[in-house]
Amino acid sequence: MRKKKVAISACLLGEMCRYDGATKRVDSIIETFKDWEIIPFCPEAPVLGTPRERISVVSTDDGMKIIGDKSGRDVTELLIEQTQKLIDAHPDLDRIVLKSKSPSCGLGTTPISNTLGETIGFGDGVAASLLKDAFADIKISDEINFKGEQQC
């Protein structure tokens, strides 16, 4: 019998992969899934490096884009490709836990800006949106709504 598989945002597992080189380790998530096969996931670090420029979700005339705050570089396709690699490599995931407020992984908590940099709302990050589509039948949460959950 195979172990259940969970993809977890790598920063929640203690990896120093955030834009600022820090982590957002959550021990309760690690403990909950200690008997599962854990797949660390960060769509940003492999393609943008660590540390890196901060990125934001920007609503443009061409739709939602992930743009470098200082450079204005559009990294949307890079993050889509990296997320697709996870989907292709692990089509049998049983659960996903993502990092809130992230331009990649946020679930309804990611700030959406206009082209002037003003927050106009909140939504899903690019990876979260793709993962929700690809894994519509499994539970996907972030560390905020994970709190208080028992074994999944």
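Residues take their numbers from the sequence shown, with the count starting at 1.
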Q: Spell out, yes or no, whether L78 and I66 are grouped together once hydrophobic residues are joined by side-chain heavy atoms under 4.5 Å, including indirect joins.
A: yes
(Q) Ignoring hydrogens, what is the shortest heavy-atom contact between E15 and P40? Give both atom names and the distance. (A) OE2-CB, 3.4 Å
Q | Nearest-0.5 Å distance that lies between atom OG1 in T76 and atom CE in M64 | A | 11.0 Å
Q: Starting from the C-alpha separation in whole Å, work towards a yes-or-no answer on side chain to side chain contact (heavy atoms under 4.5 Å, CB included) for D92 and E37.
A: CA-CA 11 Å; D92 57 345; E37 180 182 349; over 6 Å; no
Q. Do V47 and I87 sit in the same hydrophobic cluster, where Ile, Leu, Val, Met, Phe, Trp and Tyr count as joined when their side-chain heavy atoms come under 4.5 Å apart?
A. yes
**Q.** Distance in Å, I96 CD1 paired with L86 CG, rounded so as to fall on 0.5 Å steps
**A.** 7.0 Å
(Q) Once rounded to the nearest 0.5 Å, what's the spacing between atom CG of L12 and atom CG of L98? (A) 8.0 Å
Q: Find the distance between CD1 (I140) and SG (C105) and round it off to the nearest 0.5 Å.
A: 11.0 Å
**Q.** Closest contact, heavy atoms only, D69 versus S56
**A.** OD1-OG, 2.7 Å
Q. Which pair of non-hydrogen atoms, one from P43 and one from L79, has the smallest distance, and what is that distance?
A. O-CD2, 3.4 Å
Q.
Other residues, nucleotides and ligands only: do more than 12 of their heavy atoms fall within 6.0 Å of NZ on K24?
A. no
Q) What distance separates Y19 OH from C11 SG, expressed to the nearest 0.5 Å? A) 11.5 Å
Identify each donor-acceptor pair in which a side-chain atom of residues 114-131 lies under 3.5 Å from a protein atom, sequence neighbours left out, and give them as a table.
from, atom 1, to, atom 2, distance (Å)
N114, OD1, L116, N, 2.9
N114, OD1, G117, N, 3.1
N114, OD1, E118, N, 3.0
N114, ND2, E118, OE1, 2.7
D124, OD1, G108, N, 2.7
D124, OD2, K132, NZ, 2.7

Q: Answer yes if the side chains of R95 and S141 hold a donor-acceptor pair under 3.5 Å, and no otherwise.
A: yes
Q.
Can you tell me if K65 has over 12 outside heavy atoms packed within less than 6.0 Å of its NZ?
A. yes
**Q.** Same apolar cluster (I L V M F W Y, side chains within < 4.5 Å links), I39/L13
**A.** no
Q.
Quick one: does any side-chain atom of T110 pair with a main-chain N or O of S102 as donor and acceptor, under 3.5 Å?
A. yes
Q) Under the side chain to side chain contact (heavy atoms under 4.5 Å, CB included) criterion, do D142 and T109 qualify, and how do the steps go? A) CA-CA 9 Å; D142 61 24; T109 59; 4.1 Å; yes
Q.
Determine whether E44 and R52 satisfy the following criterion, salt bridge (charged side-chain N to carboxylate O under 4.0 Å, His left out), listing intermediate values before the conclusion.
A. CA-CA 9 Å; E44 296 174 22; R52 61 186 162 275; 3.1 Å; yes
Q. Hey, are D62 and T60 close enough side-chain-wise for a donor-acceptor pair under 3.5 Å?
A. no
Q.
Against V26, only a single residue in I29, I30, T23 fulfils side-chain contact (heavy atoms from CB on, under 4.5 Å); can you say which?
A. I29
**Q.** Interatomic distance, I8 atom CD1 to F146 atom CZ [nearest 0.5 angstrom]
**A.** 7.5 Å
Q | Distance-minimising heavy-atom pair for F33 and V97 | A | CE1-CG2, 3.8 Å
Q. Taking all non-hydrogen atoms of both residues, which atom of T50 and which atom of R18 are closest, and how far apart?
A. CG2-O, 3.4 Å
Q: Is it possible for you to say whether L107 and I80 belong to one hydrophobic cluster, with membership spreading through side-chain heavy-atom contacts below 4.5 Å?
A: yes
(Q) Between D94 and K5 (side chain of the first, backbone of the second, donor and acceptor by atom type, cut-off under 3.5 Å), is there such a pair? (A) yes
**Q.** same_hphob_cluster(F41, V6) at 4.5 Å side-chain heavy-atom cutoff
**A.** no
Q. Does the E143 side chain pair with the main chain of S100, one donor and one acceptor, at a distance under 3.5 Å?
A. yes
